[in-house]
Amino acid sequence: MQGDIHTAQRVTAGVTFAARLSFEDIQHRFSPDAVTLRGITLSAEPGEVLCLLGPSGSGKTTLLRIAAGIETQTSGRVLLNEREIAGPSVFVPPEKRSIGLVFQDFALFPHLSILDNVRFGLTAMSKPEGRKEALIALERVGLAQYANAYPHILSGGEQQRVALARAMAPRPAVLLMDEPFSGLDSRLKDSVRAETLAILRQSRATAIVVTHDAEEAMRLGDRIALLNDGKLVQAGPAEQLYERPATLFAAGFFSELNLFRARASGGYADTPLGRFDAAGFADGARLDVAVRLSAFDVSETEGATEARVLSRRFLGVVELLELAIPGVEEPVRARVRIGELPSRKRDIWVTVRPRDVLVFETQAENA
Ligand code: ADP
Ligand code: MG
């Protein structure tokens with residue numbers, strides 16, 4: 001298997017043969033009472049861009065470092081295609097894994113030319129061969145014209161692309177990127193993200209991209225794997241995580257929510273915003289009813305529930321409303337398109353669209 005991968009890379013100019021990277025029940029702890037990963041089973045399919053999403057401290061970087069071989073799991077296995085690269089009796093060193101890593105802080109060496117920065121990971125090659133491969137990698141990211149310049153002349157986005165070229169130059173089967181866009185300002189981010197995705201597609205490398213930003217994960221990932229507290233919450237295409245989140249945590253990660261407590265009764269949950277479908281929950285079950293901010297239709301004349309507008313904040317395409325609803329202590333928040341509520345009227349009606357309501361059984365704290 002290993003031989004196959006390497007032969008394939010040699011004969012194919014500029015294109016990597018994609019591999020599957022699999023984690024099998026990965027557990028990790030830095031110390032006996034500091035558990036980082038609690039049994040992660042997950043695969044990135046050949047040629048796929050998998051986004052590893054989760055809040056800070058959820059274990060994303062640790063999982064990438066385990067894949068790269070610069071951290072060792074406490075138990076479980078990592079496989080590249082069917083080959084074990086880290087497990088109870090096997091440890092393939094990082095440089096032999098055919099896995100490239102772009103760190104969060106992708107610092108380039110300021111005293112090396114851009115070409116030499118890219119050549120850095122090609123130490124196994126002769127100098128002319130390394131130069132040639134580094135130039136190919138720079139061409140792929142559209143920066144070959146800067147080969148002999150130094151990093152300081154490049155913008156943040158261009159530097160990020162050099163870091164990408166550096167990781168891709170050895171033609172890894174799998175590319176791991178740890179929050180690669182977090183250092184870029186928000187205007188640059190969009191274009192650099194789109195360029196990076198195009199480069200990944202073209203190279204056909206399997207990629208795992210870490211982010212803590214759900215929108216970024218949706219823009220980039222063929223699939224998203226959501227982590228929380230060292231556990232895999234849910235993995236699937238963006239639509240699936242957004243439309244059918246497995247838990248309240250997953251729902252809250254993808255959209256802002258208003259939360260109501262209710263009890264299941266006859267397949268329904270009654271809330272101050274109306275009665276919602278709760279089929280499948282036993283009578284009396286404690287429920288969390290999550291209503292997306294985008295769930296609201298507003299009207300001056302008719303609707304399901306009376307509301308008083310407490311505040312309106314203009315956000316460009318939409319406005320954010322804070323509403324007082326009878327029977328609810330906290331203001332209810334709604335996001336509506338500009339123009340839907342034209343007048344300054346304070347007393348209005350709201351109707352909640354059922355598809356933007358998500359119902360979960362209430363979990364015990366920390367369950
Ligand atoms: P993420 O990348 O999702 O923010 P990390 O994998 O960096 O998460 O960290 C997961 C957990 O492990 C955090 O609670 C973090 O504080 C802890 N941790 C990370 N690195 C170390 C380390 N070298 N020693 C001890 N604990 C660490
Ligand atoms: Mg991290």
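Atoms within each ligand, like the ligands themselves, are counted from 1 in listed order.
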**Q** Hey, is Arg312 close enough to Glu322 for a salt bridge, meaning N to O under 4.0 Å?
**A** no
**Q** May I ask you to check whether Phe120 and Phe109 place their ring centers less than 6.0 Å from one another?
**A** yes
**Q** Please give me the minimum heavy-atom distance between Asp222 and Gly47, naming the atom from each residue.
**A** OD2-O, 4.3 Å
**Q** Atom 7 (O) of ligand 1: which protein heavy atom is closest, and how many Å away?
**A** Thr61 CB, 3.7 Å
**Q** Against heavy atoms of Pro55, which atoms of ligand 1 measure under 4.0 Å?
**A** 3 (O)
**Q** Does ligand 1 come near enough to Gly59 that some N or O of the ligand is less than 3.5 Å from an N or O of the residue?
**A** yes
**Q** Does ligand 1 have an atom that lies less than 4.0 angstrom from a heavy atom of Gly54?
**A** no
**Q** Is the shortest distance from atom 16 (O) of ligand 1 to a protein heavy atom below 4.0 Å?
**A** no
**Q** Which atom names give the shortest non-hydrogen contact between Arg131 and Arg119, and what distance separates them?
**A** N-CD, 3.7 Å
**Q** Inspect the contact between Arg77 and Asp25 and indicate whether a charged nitrogen and a carboxylate oxygen are less than 4.0 angstrom apart.
**A** no
**Q** So, Asp283 versus Ser265: side-chain donor-acceptor pair below 3.5 Å or not?
**A** no
**Q** Is there a side-chain contact between Leu226 and Phe253 in this structure, where contact means two heavy atoms from C-beta onward sitting under 4.5 Å apart?
**A** yes
**Q** Under 4.0 Å from atom 27 (C) of ligand 1, is there at least one protein heavy atom?
**A** yes
**Q** Please list, in chain and residue-number order, the protein N/O/S atoms closer than 2.8 Å to the Mg ion (ligand 2).
**A** Thr61 OG1
**Q** Here's one to test your reading of the geometry: is the NZ or CZ of Arg97 within 45 degrees of the ring axis of Phe91 and under 6.0 Å from its centre?
**A** yes
**Q** What is the closest protein heavy atom to atom 4 (O) of ligand 1, and at what distance does it sit?
**A** Gly57 N, 2.7 Å
**Q** Scan side-chain atoms only and decide if Thr62 and His28 contain a donor-acceptor pair under the 3.5 Å cut-off.
**A** no
**Q** Which residue and non-hydrogen atom of the protein lie closest to atom 19 (C) of ligand 1, and at what distance in Å?
**A** Phe30 CE1, 3.4 Å
**Q** So for Ser58, does at least one of its heavy atoms come nearer than 4.0 angstrom to any atom of ligand 1?
**A** yes
**Q** Quick one: do the Thr211 and Glu216 side chains pair a donor with an acceptor below 3.5 Å?
**A** yes
**Q** Between Asp178 and Thr61, do the side chains contain an N or O donor and an N or O acceptor separated by less than 3.5 Å?
**A** yes
**Q** Compare Thr36, Thr62, Asp178 and give the one whose heavy atom is closest to atom 11 (C) of ligand 1.
**A** Thr36
